[in-house]
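Structure record follows, encoded as structure tokens.
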Amino acid sequence: MGLDIEANKKLVEEILEAYPDKTKKDRKKHFQINTEETKESCSCSLKSNVKSRPGVMTPRGCSYAGSKGVVWGPIKDMVHISHGPVGCGQYSWGTRRNYANGTLGIDNFTAMQITSDFSETDIVFGGDKKLEIICREIKEMFPLAKGISVQSECPIGLIGDDIEAVSKKMTKELEMPVVPVRCEGFRGVSQSLGHHIANDAIRDYVMGKAELAETGPYDVNIIGDYNIGGDAWASRILLEEMGLRVVAQWSGDGTLNELQVAHKAKLNLIHCHRSMNYMVTHMEQAYGIPYLEYNFFGPSKTYESLRAIAAKFDATIQENCEKVIAKYKPQMDAIIGKYRPRLEGKKVMLLIGGLRSRHTIGAYEDLGMEIVATGYEFAHKDDYERTFPDMKEGSIIMDDPTAYELEELAQKLNIDLMGSGVKEKYVYHKMGIPFRQMHSWDYSGPYHGFDGFKIFAKDMDMTVNNPVWSLFDKKAKVQPEGASV
Ligand code: SF4
């Protein structure tokens, strides 16, 4: 059954009433209510990937976060320099749970904070000389590091430093790749341009620079899985059980070598379309490697994806695929049997980055939960086009929603669960609304694949049905009609 289209339209309009006229007009374009027509045509008029309004508390980050935080940071055997003042590197230090095997500081540098720690003299006289010194120090201190990336923070692009020239010189001198990345936070409107810039840096400085010792017909790459809480590992085992060989994981638990040899695979499997579509499109054009989008959230989507992947190969892989599904289905049915009665009909609202706001819907629905509203921080039109068909009629779809809009919606829709980020979490706790972090998995996970679904279901139940919520009078927290905002 669908949701009430007219009531939700009115609800959004009421919430936007609090803004000055110009803001109201603008923010209205970032909301759309799903209808039969938008579901079927996959087309939307929703405005996305444009600058946030000043002063409205956007949930967005910057280009540096998209490049260093998301794409490059997880490459474990390279040292990533946060180039600029101390803040960006410090605040992004160890906060994203991109798991990686290895020994920290020896052959794995993911959970370290390496920065050029700009001072005033570096701003005035430039930081290129300092960058050279740091690269040499890295080579000396971390002899097993396979390469360096230079992740630019805001001032680098403003003061005219030539990090490309330094990187070229250092690549030669240190005999390993030093990759300049122009991901200054003022570029673009969100993390999204950082992904694109980071993809282009992989293409220009790393891709195709090594050869695979041997290739096979079942070689695939996992593209756009950052191994949050072990997600990529929980995905990889299924592909391998099916008989495929995973050549590269981009970039969770990934290595420089995996970036360099990925062009030898037969098929690119892309999980996060938003952050790495540039790469798979390029690999298709330059190396003729086809790509396939897949979704390993929840059993329904995982079965569907495994079959779609197997269909790209021969009968052996297709038979193996059915065996894998037959092996895990009873386990998945048991999980659904246990948790669905406890979660059936619960209303969920989501606000995540550029993928999970649509990708996790199937997993919630496997548990009988209903997504009444979903939104992205930095999605583009093609992401929304993929979202409308997956959402129920009458559900609310929103772009770059402000803290105020989300809080109002959560209360007025009387949701049973909010899934978003750490900035949001404690606000909702205080409102008496169960909340799960859908970036960090609330320090749990993995959530991908069959192993992941067991944890996902347990986590949702643990949160939604936690006895603590009965201590709140949730209704009392709902803003009284006509109250000023
Ligand atoms: S906007 Fe600039 S200063 Fe802020 S985190 Fe991003 S790179 Fe750093």
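Quick note: residue numbers are just sequence positions, from 1. Just so you know, ligand 1 is whichever comes first in the structure, and atom 1 is the first atom listed for that ligand. Just so it is clear, the model here is predicted, and its values are computed rather than measured.
- The ring of Tyr291 has its center no closer than 6.0 angstrom to the ring center of His282.
- Ring orientation note: the planes of Phe453 and Phe456 are close to parallel, at an angle under 30° on the 30°/60° scale.
- Classification of the Trp233-Tyr99 ring pair by plane angle, with boundaries at 30° and 60°, yields tilted.
- Residues with a heavy atom under 4.0 Å from ligand 1: Cys62, Tyr64, Cys88, Glu153, Cys154, Gly185.
- Taking the six-membered ring for Trp and the full ring otherwise, Phe296 and His359 have centroids separated by 6.0 Å or more.
- Classification of the His429-Phe435 ring pair by plane angle, with boundaries at 30° and 60°, yields perpendicular.
- Side chains of Thr115 and Gln113: a donor-acceptor N/O pair is absent below 3.5 angstrom, by distance only.
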